[in-house]
Amino acid sequence: MLAPDVLDRADVRAALIEHDFAAVFILIKKWGGLSQNRIASACQLTPGKVSTIISGTQRVTSFEVVCRIADGLRIPGALLGLAPRAWEHHRHTDRHHPPETPGEGADADAIPWRPDATAKLAAHLARSDLVMDRRAFARALAGSAATGAALLDSLEGWLVPVAAAPVQRRPGRLGIRDVEELETTAQAFRQWDHQYGGGLRRKAVLGQLAEVAGALGDHQAPVVEQRLYCVMAQLAGTAATMAWDSGLHRRAQEYYRLALRAAHAGGDVVFGANVLAGMARQMLCRDRPDDALQLINLAQEGARDVIGPRVRAMLHTREAWAYAAQGRHAGFQRATTRAAEALSDARPDGDDPYWIAYFDEAELAGVTGGRLLDLARIAPRQHADQAADQIRTALSLRGAEAGRSHALDRIGLAECHFLAGDIGGGAAEAHRAVAAARGTQSERVRNQLGQLYPYTVGHSASRSVREARDSIRDLLAS
């Protein structure tokens with residue numbers, strides 16, 4: 001995106017080497033002719049975030065954000081102290097062979113919201129992913145998720161009734177018992193991912209997804225076909241979170257879209273709302289709160305009359321997250337209160353779907369604590385202690401067996417201590433966070449640890465802080 005003469009300037013290179021992104025953005029605006037909005041869009045940041053960076057009120061310390069800036073503005077990794085970026089290796093080749101993602105070959109956005117088209121899309125996505133080599137994986141890592149109108153307009157079919165498939169197919173032979181076995185397998189994969197994270201079983205999920213897509217290529221009995229689409233939705237949702245945990249953000253979004261289409265084809269409106277909530281969380285982690293709020297509104301509009309109290313509570317927490325990211329404190333408090341009220345209506349013996357059973361008082365406390373932590377980064381005196389109290393509640397209620405969630409809670413609590421000025425407490429919690437992180441394969445956990453690392457810098461006089469810093473560095477380097 002940046003012309004070579006801009007990157008060759010001595011002042012630009014000095015700012016890049018020092019990670020002085022306030023100076024970088026100012027110089028790019030001046031010499032590269034890019035507006036603040038174009039910089040924000042390229043780097044997947046909000047314009048407000050770019051503004052606070054330029055003004056010096058916020059610094060870029062996240063490794064992930066540095067990588068997004070490098071990839072979005074096409075800044076060679078060496079200028080930022082990074083390894084060569086994937087697009088650098090393929091710059092010449094890609095001029096003749098553009099990077100292809102699974103969805104591109106099938107023109108995913110143009111595919112009608114029809115069951116047979118959804119089955120074909122699933123087969124294409126799974127097949128493309130299963131044969132992906134290292135070069136394709138590197139390109140997938142560099143791919144960014146769609147945002148704004150390009151994302152939201154493609155999901156409007158969610159609100160339209162299912163269209164009938166016009167083609168005749170050969171008879172299928174699956175029975176209810178076969179479907180029940182597939183449902184059990186999908187549930188096991190989802191539980192494993194929720195507990196441990198990471199992508200170690202992603203290929204197994206994709207293989208099962210391809211099998212289901214193949215079965216849907218036949219003309220199954222109506223009740224079998226409907227349940228198969230629901231299985232496909234759950235497998236695609238798990239594939240999405242596994243891809244995201246592996247750093248494949250664009251690929252994750254492709255599977256989220258497939259999961260929504262499959263839920264639509266199977267008539268599972270409640271799971272479809274859950275998929276949209278997952279897409280909203282991805283947007284929130286990419287600093288796109290406006291998109292996230294639109295996705296939550298879409299979920300609520302499409303499933304308002306059928307969602308139970310747990311799902312409603314979960315949607316309200318995503319809504320609260322978006323408000324917190326927008327700096328709307330009153331909206332955050334209102335949505336958080338609604339989440340607590342909805343959860344209080346949930347009964348232990350209710351008929352909630354298995355996949356929302358995780359959303360209990362512990363999860364609500366953990367999510368609320370995480371959002372208060374977001375606010376504490378801006379106003380630590382006002383929110384750090386509140387965030388720590390909520391996170392401690394989550395830790396006490398769900399314990400270490402929660403795996404990924406437990407590790408994220410530990411990291412969040414360590415950051416609360418640092419923000420509150422309790423350096424010793426922060427170092428102690430950082431040690432516990434690293435121990436918890438070693439039990440997961442989650443890239444998200446590693447990214448959060450990377451964001452904790454800067455808090456340990458500048459306190460070399462403290463042995464406990466030095467040791468905490470070393471343990472974080474060792475884990476991130478492994």
message = Does the Lys NZ or Arg CZ of Arg371 fall within the cation-pi geometry relative to Phe332 - under 6.0 Å from the ring centre and within 45° of the axis?
response =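 No - Arg371 does not lie over the ring of Phe332 by the 6.0 Å and 45° rule.
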request  = Report yes or no: is the cationic atom of Arg444 (NZ for Lys, CZ for Arg) under 6.0 Å from the centre of the six-membered ring of Trp244, at an angle within 45° of the ring normal?
outcome  =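 Here Arg444 passes the 6.0 Å and 45° test against Trp244.
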Rounded to the nearest 0.5 Å, what separates atom [atom1] in [X] from atom [atom2] in [Y]?
{"X": "Asp116", "Y": "His219", "atom1": "CG", "atom2": "NE2", "value": "12.0 Å"}
{"X": "Leu419", "Y": "Ile378", "atom1": "CG", "atom2": "CD1", "value": "11.0 Å"}
{"X": "Trp321", "Y": "Cys285", "atom1": "CH2", "atom2": "SG", "value": "4.0 Å"}
{"X": "Tyr255", "Y": "Leu248", "atom1": "OH", "atom2": "CG", "value": "9.5 Å"}
{"X": "Glu363", "Y": "Leu397", "atom1": "CD", "atom2": "CG", "value": "11.0 Å"}
{"X": "Leu449", "Y": "Leu408", "atom1": "CG", "atom2": "CG", "value": "9.0 Å"}

query = Does the side-chain contact (heavy atoms from CB on, under 4.5 Å) test come out yes or no for Arg288 and Leu151, once each step is laid out?
reply = CA-CA 12 Å; Arg288 302 284 301 193; Leu151 169 64; over 6 Å; no
Within the 4.5 Å heavy-atom criterion, are [X] and [Y] side-chain neighbours or not?
{"X": "Pro115", "Y": "Leu216", "answer": "no"}
{"X": "Arg312", "Y": "Arg338", "answer": "no"}
{"X": "Trp158", "Y": "Leu298", "answer": "yes"}
{"X": "Thr238", "Y": "Leu209", "answer": "no"}
{"X": "Tyr229", "Y": "Glu225", "answer": "yes"}
{"X": "Leu293", "Y": "Met283", "answer": "no"}
{"X": "Gln44", "Y": "Thr147", "answer": "no"}
{"X": "Pro309", "Y": "Leu343", "answer": "no"}

Can you name the nearest heavy-atom pair linking [X] to [Y], along with the distance?
{"X": "Val269", "Y": "Gly302", "value": "CG1-O, 3.2 Å"}
{"X": "Leu373", "Y": "Cys416", "value": "CD1-SG, 3.9 Å"}
{"X": "Ala119", "Y": "Ala213", "value": "O-CB, 3.7 Å"}
{"X": "Ala430", "Y": "Leu452", "value": "CB-CD2, 4.1 Å"}
{"X": "Ala277", "Y": "Met314", "value": "CB-SD, 3.5 Å"}
{"X": "Ala322", "Y": "Leu284", "value": "CA-CD2, 3.6 Å"}

message = Suppose we screen for side chain to side chain donor-acceptor pair (under 3.5 Å). Which residues come up paired with Asp268, at least two apart in sequence or across chains?
response =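 For Asp268 there are no side chain to side chain donor-acceptor pair (under 3.5 Å) partners, ignoring immediate neighbours.
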query = What residues form a side chain to side chain donor-acceptor pair (under 3.5 Å) with Arg473, not counting sequence neighbours?
reply =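 With neighbours one apart ignored, the set is Tyr453, Asp470.
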Neighbour count above 12 (heavy atom, 6.0 Å) for [X] [atom1]:
{"X": "Glu211", "atom1": "CD", "value": "no"}
{"X": "Arg377", "atom1": "CZ", "value": "yes"}
{"X": "Asp385", "atom1": "CG", "value": "no"}

message = Salt bridge check, Arg398 against Asp409: does any charged N sit closer than 4.0 Å to a carboxylate O?
response =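 Salt bridge: yes.
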Does [Y] offer a backbone N or O that forms a donor-acceptor pair with the side chain of [X] under 3.5 Å?
{"X": "Thr336", "Y": "Gln333", "result": "no"}
{"X": "Gln390", "Y": "Gly366", "result": "no"}
{"X": "Gln220", "Y": "Ala215", "result": "yes"}
{"X": "Lys203", "Y": "Asp129", "result": "yes"}
{"X": "Thr368", "Y": "Ala365", "result": "no"}
{"X": "Gln253", "Y": "Ala146", "result": "yes"}
{"X": "Arg261", "Y": "Thr118", "result": "no"}
{"X": "Gln58", "Y": "Lys49", "result": "no"}

ask   = Considering residues at least two apart in sequence or located in another chain, which fulfil the ring pair (Phe, Tyr, Trp, His ring centres under 6.0 Å) criterion with His316?
value =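 Checked His316 against ring pair (Phe, Tyr, Trp, His ring centres under 6.0 Å); zero matches.
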Non-neighbouring partners of [X] that pass side chain to side chain contact (heavy atoms under 4.5 Å, CB included), sequence neighbours left out:
{"X": "Arg432", "value": "Arg410, Ala428, Glu429"}
{"X": "Gln386", "value": "Leu372, His383"}
{"X": "Arg392", "value": "Ala388, Asp389, Leu413, His417"}

task = Evaluate side-chain contact (heavy atoms from CB on, under 4.5 Å) for Tyr256 paired with Leu276, printing each intermediate quantity in order.
result = CA-CA 8 Å; Tyr256 273 133; Leu276 287 165; over 6 Å; no
query = Parallel under 30°, tilted from 30 to 60°, perpendicular over 60°: which one fits the rings of Trp355 and Phe271?
reply =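 Trp355 and Phe271: perpendicular rings.
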inquiry  = Does Leu159 form a side-chain contact (heavy atoms from CB on, under 4.5 Å) with Glu301? I'd like the steps, not just the answer.
reply    = CA-CA 8 Å; Leu159 300 176; Glu301 181 181 354; 3.8 Å; yes
request  = Take Arg446 and Thr440 through the side-chain contact (heavy atoms from CB on, under 4.5 Å) test and state the conclusion after the steps.
outcome  = CA-CA 9 Å; Arg446 296 172 69 89; Thr440 77; over 6 Å; no
ask   = Does a donor on one side chain sit under 3.5 Å from an acceptor on the other, for Tyr354 and Gln234?
value =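 Side chains of Tyr354 and Gln234: pair found under 3.5 Å.
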